[in-house]
Asker: 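Sharing a structure here in structure tokens format.
Just so we're on the same page: letters track the sequence lines, and every chain starts at 1.
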Number of protein chains: 2
Amino acid sequence: MRISELSAKSGVALPTIKYYLREGLLHQGEQTAATRAEYDESHLRRLRLIRALLEVGRLPVASIKKIIAAVEDESLPTHQMLGTAHWALGPTVEPEPGADWQLARAEVDRLVTDQDWTVHPEAPTRDELAQTLVKMRQLGLSGDLAPYVEAAKKLVREVEMDAIPFDGPRDAAVEALVLGTVLYGRALDTLRRMAQESESAHRQTAS
Amino acid sequence: MRISELSAKSGVALPTIKYYLREGLLHQGEQTAATRAEYDESHLRRLRLIRALLEVGRLPVASIKKIIAAVEDESLPTHQMLGTAHWALGPTVEPEPGADWQLARAEVDRLVTDQDWTVHPEAPTRDELAQTLVKMRQLGLSGDLAPYVEAAKKLVREVEMDAIPFDGPRDAAVEALVLGTVLYGRALDTLRRMAQESESAHRQTAS
């Protein structure tokens, strides 16, 4: 298809598509004449991925470039390609000096070992969870994560990983991961607050 | 205790305490002399609450004032007082014009009815969830929320509501609600991403 059709089918404006081409986020079409190039399904998939990373992942263009480089590097195993996107989705957390941090971070590492989880030693989620634990302890919360670990495991095993098309095109797998992680995460957070409101109402009319 | 001791015990700097007093966030101490006032446990509890709302809830001072007004209005039932804090914790979502929004919002209302949840007809969580559903549909996700509803219900019923001291001081109940909602929510989100990384690794080495 021509670039105008690519724009119509994807819903992405022509100047935006040209910007993605210049930035290398979108691969070039096949040049069929001096001023004409042909685009195909792979370009549509890439535009869907860029949209997911921008609008849902809210990632900066620099992060998106890294993720797309991983998508295009066919020598990179799928799991590592997904990891590149996955790591970019979390907040950036800097370790804090002091014993509180050391304790919390050691607790996170123990949790990963106890769960027999395959989580990279340098995965940013480890520092992210440590930061939350430090805050919990400072403010006097027990920080018993066991029920949350169980809930997360159940959702991931029974639902979320089945939604990732591991064997399809690489763009589609990353897109599904990003959309699933962010949007179902958002839904879960809202549902939790709805359930809290309801349970709070019941407990107080019951007493 | 004197204001200097209140500062030392709470860890809140003296000028900050004076600012909270001027703004009406912290109730005045008992005037025992022209230049001297006595503070007690209720002031310590209030400072803990303010800190939770600011640092963990990341709420603006205008929202904090509303919440504290609800805490101080003893005629307001506990459930409604908690609701004031609870509603402030979510993002502000504006309904969008169009059929997609109407459909998603109707689906949310149906979900609340089917679950027999007591959620206020104007609770902002309803619009928040509708927004996520609209996005899911636009991007081609099935948006099957059932497993997330079950996870949320289980956590709230079995763990989260037991952590709220409904019968204690009003400040303490709101503080526990805010800390629990935000910090355990953050932990759950991180744990979900850790479990995803691990499960992704296992599925791909297994295949």
Asker: Which pair of heavy atoms, one from A:L155 and one from B:P147, lies closest together, and at what distance?
Answerer: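 Taking A:L155 first and B:P147 second, the nearest heavy atoms are CD2-O, 3.6 Å.
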Asker: For B:D116, does the CG atom have more than 12 heavy-atom neighbours from other residues, nucleotides or ligands under 6.0 Å away?
Answerer: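 No, not enclosed.
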Asker: With chain A as the partner, which of B:T78, B:V159, B:D189, B:V149 has the greatest number of non-hydrogen pairs under 4.5 Å?
Answerer: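 Most heavy-atom pairs within the cutoff with chain A belong to B:T78.
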Asker: Less than 4.5 Å apart, side chain to side chain, heavy atoms only: is that true for B:L188 and A:R192?
Answerer: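 They are in contact (side-chain heavy atoms under 4.5 Å apart), so the answer is yes.
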Asker: Look at B:T181, B:D144, B:L177, B:L129 and state which one has the largest set of heavy-atom pairs under 4.5 Å with chain A.
Answerer: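 Highest number of heavy-atom pairs under 4.5 Å: B:T181.
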Asker: Walk me through it: do B:R203 and A:I164 pass the test side chain to side chain contact (heavy atoms under 4.5 Å, CB included)?
Answerer: CA-CA 11 Å; B:R203 295 211 179 187; A:I164 311 281; over 6 Å; no
Asker: Kindly say whether A:E199 contributes a backbone atom to a donor-acceptor pair with the side chain of B:R157 at under 3.5 angstrom?
Answerer: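 It does not hold such a pair.
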Asker: Return the option, out of B:S198, B:A176, B:A152, with the maximum number of heavy-atom pairs under 4.5 Å with chain A.
Answerer: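 Of the options given, most contacts go to B:S198.
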Asker: If I take atom CD from residue B:E128 and atom OG1 from residue A:T190, how far apart are they, to the nearest 0.5 angstrom?
Answerer: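 So the CD of B:E128 and the OG1 of A:T190 are separated by 3.5 Å.
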Asker: Which atom names give the shortest non-hydrogen contact between A:L111 and B:L191, and what distance separates them?
Answerer: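 Where A:L111 meets B:L191 most closely, the heavy atoms are CD2-CD2, 3.7 Å.
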Asker: Of all of A:H79, A:Q115, A:R51, A:E158, which one pairs up most often with chain B through heavy atoms under 4.5 Å apart?
Answerer: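 Heavy-atom pairs under 4.5 Å are most numerous for A:H79.
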Asker: What pair of heavy atoms forms the shortest contact from B:A187 to A:L145, and how long is it?
Answerer: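 Taking B:A187 first and A:L145 second, the nearest heavy atoms are CB-CD2, 3.9 Å.
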Asker: Can any side-chain N or O of A:R48 pair as donor or acceptor with the backbone N or O of B:L139 at less than 3.5 Å?
Answerer: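 Indeed, once roles are kept as given, a pair shorter than 3.5 Å links the two residues.
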Asker: Only pairs of heavy atoms separated by less than 4.5 Å count here; which of A:R126, A:E150, A:H86, A:Q80 has the most with chain B?
Answerer: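 Ranked by contacts with chain B, first place is A:H86.
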Asker: Using non-hydrogen atoms and a 4.5 Å limit, figure out which bit of B:L133 sits close to chain A: side chain, backbone, both or neither.
Answerer: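 Neither part.
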Asker: I need the residue from A:Y148, A:W87, A:W117 with the largest number of non-hydrogen atom pairs under 4.5 Å to chain B.
Answerer: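 Top count of heavy-atom pairs under 4.5 Å with chain B: A:Y148.
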Asker: I'd like to know which of A:K154, A:M136, A:E55 tops the heavy-atom pair count under 4.5 Å against chain B.
Answerer: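 Most heavy-atom pairs within the cutoff with chain B belong to A:M136.
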Asker: Please report the closest heavy-atom contact between B:V156 and A:A195, naming both atoms and the distance.
Answerer: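 Heavy atoms of B:V156 and A:A195 come nearest at CG1-O, 3.7 Å.
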Asker: For A:K135 and B:V56, work out which heavy atoms get closest and say how close.
Answerer: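 The pair with the smallest heavy-atom distance is CE-CG2, 4.0 Å.
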Asker: Could you pull out the closest heavy-atom pair between A:H120 and B:E197, with the gap in Å?
Answerer: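 It is N-OE2, 2.8 Å.
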Asker: What part of B:L183 gets closer than 4.5 Å to chain A, counting heavy atoms only: side chain, backbone, both or neither?
Answerer: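 Its backbone and side chain both get close to chain A.
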Asker: Is the closest side-chain heavy-atom distance between A:V119 and B:R193 below 4.5 Å?
Answerer: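 They are not in side-chain contact.
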Asker: With rounding to the nearest 0.5 angstrom, report the CD to OG distance, A:E160 to B:S200.
Answerer: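 If I round to the nearest 0.5 Å, the distance is 12.5 Å.
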